[in-house]
Amino acid sequence: MRVFLFALQWDDNVYRKRRAWRLISRRVWSMKMSKVRTRFAPSPTGYMHVGNLRTALYAYLTAKHENGTFILRIEDTDQGRIVDGAVDVIYQTLKENGMIWDEGPDVGGDYGPYVQSERMGIFKDYALQLVEKGEAYYCFCTTERLEKLHEEQRAAGAAVGNYDRHCRNLDKEEIQRRLDAGEPYVIRQKMPTEGTTKFVDLIYGEVEVKNSELEDQILIKSDGMPTYNFANVVDDHLMGITHVVRGNEYLSSSPKYNLLYKAFGWEPPVYIHCPPVMKDAHTKLSKRNGDASYQDLVAKGYLKEAILNYLLLLGWSPKGDEEYFTLDEMIKLWNPAWINKSPAIFDIVKLRAFNATYINRMSNEEFTKIARPYVESVVKRPIDMDLLCANLKPRCEILSDIPERVAFIQEMPEYSLELYRNKKFKTDERGALTALEKLAPALDALQEWNRDAIYGACAPVIAELGVKAGWALYPLGIALSGMTATPGGGTDVAAIIGKELTMERLNDALARLRAEL
RNA sequence: GGCCCCAUCGUUUAGUGGUUAGGACACAGCCCUUUCAAGGCUGCAGUACGGGUUCGAGUCCCGUUGGGGUCACCA
């Protein structure tokens, strides 16, 4: 009953809209009230795609919203792509984002092993079971014959790749004879040839294909190893996965998966296919195209919380207008039925905005802690780090913005006197000269050197000149930084860089103005 | 090419037959102000197209167009 209730809560309205509600609820009913178990099954390639991370998040949330179990399974059977330390990247990424798995290679569990390469021995027996049930068969066709077949198909303009089911009805004696003779073989699934197969996806609803479209797919390769599709189904079943969360590139092969479950007599999982994360309208986001991975984004100064939060909303949306969530809030709110159907373009500009907000919401202390290394990478002088960081916080969107914003502290940049011209304050080089000439002695006389004291020293000068504060303080900022955008106003900059450097730069600026005007 | 899937502002999304089509980011402007920001307010901007069904369609149906995915002894 509980399961049924959460199904309603998840989907309620969506059911009707998709016209699949009956099927889904029947499916959920027949889950026998089992605890929700989801898995994230990445291959260890050495980095984490943002799309992968999002899939992991969705799988994690789907389990945790129901107090279920989140499982990590490493799919390391991709021959070419094994990278040292790659598994650690997966562990690290998941961990630092708080997505703690309940079962996995390192923590174990009752359904191990959780590394696919260690499971290779178990699949053939399952395939043989299918052969015995008449759901699969031995195929002795050679690669040469298949190639020839494909060539003929090409020549005839037909669909290439469809196996002609040559070995589908070999008689028992012949099979035994060829097996005994040690002929190499594969095991193929016996697909239905007529009718249709449908399955229900939680996101896409009912998906139906004609069985005539389905090939007698290979389950066990001639080296005795399972194909990915077969291993996946068996693993998911053996591990008790109730909800399969994966990319929608699997959508069109899901009927085949379902037929496999059916052939075994197993209960299929709830399918949750997620739309792809795109780089632009035409291409998927991928490391191969040089697109940023999660690691790259972190290295560029994006906060992991901001990345995760942004990813949550890329293809999923909650009911209200709130966009900022902690992981715990995500878990409470999560409803997989609210995942979108259409592809979403990864927008770095919006991520930057999220990042800026996350930075802005930090305490000054927290921010100073993470910003300090970026500051110190370019600034080697003694400065008021706390004041600098307090001013930097609302002014930087990503951490890697910091060096260019503070580089002027270490070394005055080349700058044009035109910077002193400002429409808003109705000032120019001459005005700047006037202001700075008055400001310099006032500052020089100052004993105490902090933001308030500095402003206190400037205020009488401003009053005396009868101008707006900015008229005098804007030029001060330019004189001290050579830039129009600085971490704080003129008095902030002075306080940050200290009296000695302030006076030095002020005098340099005065000398230059006098010389060039 | 066959098959599957998708389609609301530039981007991300809300929308479950009756809404002035809402939010966020971006952009523009204004306010505040000790530069630049941050913050506050306002504005700009969208239902791909064509047919139906209906008193009424962003919402349902069909088609067109556009896009994505998939068709291996890869995973």
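Per chain, numbering begins at 1; letters A, B, ... match sequence-line order. Predicted, not measured: the structure shown is a model, and the values here were computed from it.
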If I take atom NE2 in residue A/His273 and atom P in nucleotide B/G68, what distance separates them, rounded to the nearest angstrom? 20 Å

For the P atoms, the ones on B/G23 and on B/A45, what distance do you get once it is rounded to whole angstrom? 14 Å

Between A/Arg451 and A/Pro318, just flag the one whose closest nucleotide in RNA chain B comes earlier from the 5' side. A/Pro318

Rounded P spacing from B/A48 to B/A57 in Å: 15 Å

Between A/Tyr163 and A/Arg188, is there a cation-pi geometry (under 6.0 Å to ring centre, at most 45° from the normal)? yes

Considering Watson-Crick and G-U wobble pairs with both distances under 3.5 Å, what does B/A48 pair with? B/U64

Candidate nucleotides B/C25, B/C5, B/A72, ranked by approach to the side chain of A/Ile218 - the nearest: B/A72

Let me know the distance between NZ of A/Lys341 and P of B/U8, rounded to the nearest Å. 12 Å

Contact class for A/Gln217 vs. all strands (heavy atom < 4.0 Å): base, sugar-phosphate, or nothing? nothing

Who does B/C32 pair with, Watson-Crick or G-U, both distances under 3.5 Å? none

Check for me whether A/Arg361 meets the cation-pi criterion with A/Phe354, that is, NZ or CZ under 6.0 Å from the six-membered ring centre and within 45 degrees of the ring axis. no

Sugar-phosphate only, base, or nothing, as touched by A/Glu213 at under 4.0 Å among non-hydrogen atoms: sugar-phosphate

Donor-acceptor pair, side chain of A/Asn211 and main chain of A/Glu194, under 3.5 angstrom: yes

Using atom CG of A/Asp164 as one end and atom P of B/C73 as the other, report the distance to the nearest whole Å. 12 Å

Can you confirm whether or not the ring centre of A/Tyr271 sits under 6.0 Å from the ring centre of A/Tyr204? no

Rounded to whole angstrom, note down the P distance from B/G50 over to B/C9. 16 Å

Report yes or no: is the cationic atom of A/Lys287 (NZ for Lys, CZ for Arg) closer than 6.0 Å to the six-membered ring centre of A/Tyr47, at no more than 45° off its axis? yes

Searching all strands shown, indicate the nucleotide that pairs with B/C3 (Watson-Crick or G-U wobble; both distances under 3.5 Å). B/G69

Is there a donor-acceptor pair under 3.5 Å between the side chain of A/Asn340 and the backbone N or O of A/Ser342? no

When you measure only distances, ignoring hydrogens and angles, does the side chain of A/Ser253 come within 3.5 Å of the base of B/U70 through a donor and an acceptor? no

How would you label the contact of A/Ser317 with the nucleic acid (heavy atoms, under 4.0 Å): base, sugar-phosphate, or nothing? sugar-phosphate

Calculate the interatomic distance between A/His282 atom NE2 and B/G69 atom C1'; express it in whole Å. 15 Å

Give the nucleotide from the list B/U34, B/A75, B/C6 with an atom nearest to the side chain of A/Tyr228. B/A75

What is the distance, to the nearest angstrom, from the CE atom on A/Met120 to the P atom on B/C74? 12 Å

How far does the C1' atom of B/G46 sit from the matching atom of B/C27, given to the nearest Å? 16 Å

Is there a side-chain contact between A/Asn340 and the phosphate of B/U13, meaning an N or O under 4.0 Å from OP1 or OP2? yes

P atom, B/G40 versus B/C55: distance in rounded Å? 48 Å

Does a nitrogen or oxygen in the side chain of A/Lys319 sit under 4.0 Å from OP1 or OP2 of B/U13? no

Across all strands, who's sitting opposite B/U19 as a Watson-Crick or G-U wobble pair, both distances under 3.5 Å? none

Could you check which nucleotide pairs with B/C27 in any of the strands shown, counting Watson-Crick or G-U wobble with both distances under 3.5 Å? B/G43

Please give the distance between the C1' atoms of B/U11 and B/A7 as a whole number of Å. 15 Å

Counting only Watson-Crick pairs (N1-N3 plus N6-O4 or O6-N4) and G-U wobbles (N1-O2, O6-N3), all under 3.5 Å, who is the partner of B/A57? none

Are the ring of A/Tyr474 and the six-membered base ring of B/U34 within the stacking cut-offs of under 5.5 Å and under 30°? no

For a quick check, tell me whether the side chain of A/Lys350 and the base of B/A24 share a donor-acceptor pair closer than 3.5 Å. yes

For nucleotides B/G67 and B/A28, find the distance between their C1' atoms and express it as a whole number of Å. 31 Å

Could you tell me whether A/Val186 contacts a base, only the sugar-phosphate backbone, or nothing, with contacts defined as non-hydrogen atoms closer than 4.0 Å? base

A/Asn229 side chain, from C-beta outward: closest of B/C25, B/C4, B/A75: B/A75

From B/U12, B/G68, B/A26, nucleotide with atom closest to A/Ile345 side chain: B/U12

If each of A/Pro394 and A/Val349 is mapped to the nucleotide of RNA chain B with the nearest heavy atom, which maps nearer the 5' terminus, i.e. the 5' end? A/Val349

Would you indicate what A/Asn422 reaches in the nucleic acid, counting non-hydrogen atoms under 4.0 angstrom: base, sugar-phosphate, or nothing? nothing

Assign A/Lys468 to base, sugar-phosphate, or nothing according to its heavy-atom contacts below 4.0 angstrom with the strands shown. nothing

In whole angstroms, the gap separating P of B/C25 from CG of A/Asp321 amounts to 11 Å

Compare the minimum distances between each of B/U12, B/C73, B/U70 and the side chain of A/Leu314, then state the nucleotide with the smallest one. B/U12

Using a heavy-atom cut-off of 4.0 Å across all strands, would you classify A/Gly477 as base, sugar-phosphate, or nothing? nothing

Within the 6.0 Å centroid threshold, strictly below: A/Tyr474 and A/Tyr420: no

When the C1' atoms of B/U13 and B/U8 are considered, how many whole Å apart are they? 9 Å

Using a 4.0 Å heavy-atom cut-off, does A/Gly315 contact any base of the nucleic acid, only the sugar-phosphate backbone, or nothing at all? sugar-phosphate

Which listed nucleotide (B/C6, B/U70, B/A24) is nearest to the side chain of A/Ser342? B/C6

Give one of base, sugar-phosphate or nothing for A/Tyr250, where a contact means two heavy atoms less than 4.0 Å apart. base

Taking atom P of B/A37 as reference, at what distance in whole Å does atom CG of A/Leu473 sit? 17 Å

To the nearest 0.5 Å, how far apart are OH in A/Tyr374 and CD1 in A/Ile398? 8.5 Å

Got A/Val493 and A/Asn391 here, is their nearest side-chain heavy-atom distance under 4.5 Å? no

Taking B/U11, B/A75, B/A38 as options, the one with an atom nearest any side-chain atom of A/Asp347 is B/U11

Please report the distance, rounded to the nearest Å, between CH2 in A/Trp338 and C1' in B/U12. 17 Å

